[in-house]
Structure formats: structure tokens, C-alpha cells
Amino acid sequence: MKKIGLFYNFDTNKTSKIAERIKKAFEEQSDYEIVSVDVDENMTEEQFMQFDHLLLGAATWMDGELPYYWDEFVPAMEDLDMKGKHIAIFGLGDQNNGRENFQDAIGLLAYLLEDRGAELYGFTSTEGYTFERSYGVRGNQFLGLSIDLENQAALTDERVTSWVKQLLEEKF
Ligand SMILES: Cc1cc2nc3c(=O)[nH]c(=O)nc-3n(C[C@H](O)[C@H](O)[C@H](O)COP(=O)(O)O)c2cc1C
């Protein structure tokens, strides 16, 4: 059975809620084992590297920054060899108040890990979102799943379900 690491900070409210929905969607659509890992100051490189398939959750904070719990892990990630690792990122952002930096956290994690050899999965269209600029976009796609609970909460369930279906089709 395929084992997937689901990485997010357990103390968050919104990111945790989305992570739990993603876990549920995987359980409904596959027989993969989803193992949740708390991204906090105690997370080790060994915990991160024990999986070949990783789902990473990050909200964008403060003018396009990673949340502190990911930021603290960046120096460790900079030294990792991610060849052979499959990564799919889900981001939370606010396209109204964060329109200049919408979902930048997706891009910050994506480029960091891609530069170290990881393969990225689960890109999604920017259609249906309104914003000025995003570091999380390449071409006309987010480098992961883009969730906006502030402005488009009603679309969330469908976005999560179809993203998980897409990941299964992409053989993430
Ligand atoms: C102080 C603050 C700054 C934010 N800055 C951005 C931003 O630059 N870009 C963006 O897309 N969203 C931004 N957001 C929106 C958050 O990403 C969004 O509210 C998210 O759902 C928070 O998830 P969390 O509570 O799990 O951390 C910001 C929110 C707050 C409160």
C-alpha cells in the first residue's frame, strides 16, 4: 500500500481543516495510507525524508511569506536531496487582501524543492481566481492546489475532491 506523508501545522485552524479534508478525500478515493506529520520546531529531516510521496500544506502570510513553521525548516530543506521525491502542495491564501502575493507560499516551497530534484504534482488552473500577482503560479497554473476560504469557501470541497482525483490520475 502506498504511504503518503501529509505535512502541516496541527495548531493552525484553516490549514488543518483543509488537510483533514484532503486526508478524507484520499481515504474515499484510494486505499493509500495517509500519515499526518506536525510541521513545528520539533520536526526532523528524518521525519520529512521517510516518505517518497509528500503532501505539504502552507498558507501564505504577511505579504507573500511562508508561515514561521515552514520558514524555520527552510535551512534544513536547502540541504536535502529530493531526487525521487513526489511533492504535491496545497496552499491557502486570500485573493482579495493578498492579491499582490496570492498563494506565494506554494511557489516558495515548490521552487525550493524542485531545485533540489523533487517532482511536483497537482498543478491547477488559475481560472476562477482574481488576483494581481502570485509567485505560486507558473504559466497559467498554480504549482499546487489553491484554496481561498475567505472569498471562495463554497468551492473548497469540490476543489479538494477533484485535486485528489487528479493526483491519483497523475500517479502521484
Ligand atoms: C496577517 C495576514 C497576512 C496575510 N497575507 C497573505 C498574503 O500575502 N497572500 C495571501 O494569499 N494570503 C494572505 N493571507 C491570508 C491567509 O493565507 C489565509 O487567511 C489562510 O486561510 C490562513 O490560514 P491559517 O489560519 O491556517 O494560517 C494573510 C492573512 C493574514 C491574517
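Reckoned from all heavy atoms, side chains included, excluding hydrogens, waters and symmetry mates. First listed ligand is number 1; within each ligand, the first listed atom is number 1.
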May I have the N/O to N/O pairs between ligand 1 and the protein that fall below 3.5 Å, each with atom names and distance to one decimal?
from, atom 1, to, atom 2, distance (Å)
ligand 1, 5 (N), Met62, N, 3.2
ligand 1, 8 (O), Asp63, N, 3.3
ligand 1, 8 (O), Gly64, N, 3.0
ligand 1, 9 (N), Asn101, O, 3.1
ligand 1, 11 (O), Asp94, N, 3.2
ligand 1, 11 (O), Gln103, N, 3.1
ligand 1, 12 (N), Asp94, N, 3.1
ligand 1, 14 (N), Thr60, O, 3.3
ligand 1, 17 (O), Thr60, O, 2.7
ligand 1, 17 (O), Leu92, O, 3.2
ligand 1, 19 (O), Glu150, OE1, 3.4
ligand 1, 19 (O), Glu150, OE2, 2.7
ligand 1, 26 (O), Thr15, N, 2.9
ligand 1, 26 (O), Thr15, OG1, 2.6
ligand 1, 27 (O), Trp61, NE1, 3.1

Report, one line per pair, each donor and acceptor closer than 3.5 Å where one atom sits in a side chain of residues 135-142; sequence neighbours left out.
from, atom 1, to, atom 2, distance (Å)
Arg138, NH1, Glu114, OE1, 2.9
Arg138, NH2, Glu114, OE2, 3.1

So does Phe123 get a backbone contact from the side chain of Gln166, meaning a donor-acceptor N/O pair under 3.5 Å?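 Such a contact is found between Gln166 side chain and Phe123 backbone.
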
Going by side chain to side chain donor-acceptor pair (under 3.5 Å), name the residues that satisfy it together with Gln50, two or more places apart in sequence or in a different chain. none

I'd like to know whether Leu55 forms a side chain to side chain contact (heavy atoms under 4.5 Å, CB included) with Phe26, so could you lay out the CA-CA distance, the side-chain angles of the two residues, the decisive distance to 0.1 Å, and finally the verdict. CA-CA 11 Å; Leu55 294 162; Phe26 265 102; 3.7 Å; yes

Distance-only check: which donor-acceptor pairs under 3.5 Å involve side-chain atoms of residues 79-100, not counting sequence neighbours?
from, atom 1, to, atom 2, distance (Å)
Asp81, OD1, Lys83, N, 3.0
Lys85, NZ, Met49, O, 2.9
Lys85, NZ, Phe51, O, 2.9
Lys85, NZ, Asp52, OD1, 3.2
His86, ND1, Tyr121, OH, 3.2
His86, ND1, Phe172, O, 3.0
Asp94, OD1, Asn96, N, 2.9
Asp94, OD1, Asn97, N, 2.9
Asp94, OD1, Asn151, ND2, 2.9
Asp94, OD2, Asn97, ND2, 3.3
Gln95, OE1, Thr130, N, 2.7
Gln95, NE2, Asp148, OD2, 2.7
Gln95, NE2, Gln152, OE1, 3.0
Asn96, OD1, Arg99, NH2, 2.9
Arg99, NH2, Asn96, O, 3.3

Point-to-point distance, once rounded to the nearest 0.5 Å, from CG of Leu56 to OG1 of Thr15: 12.0 Å

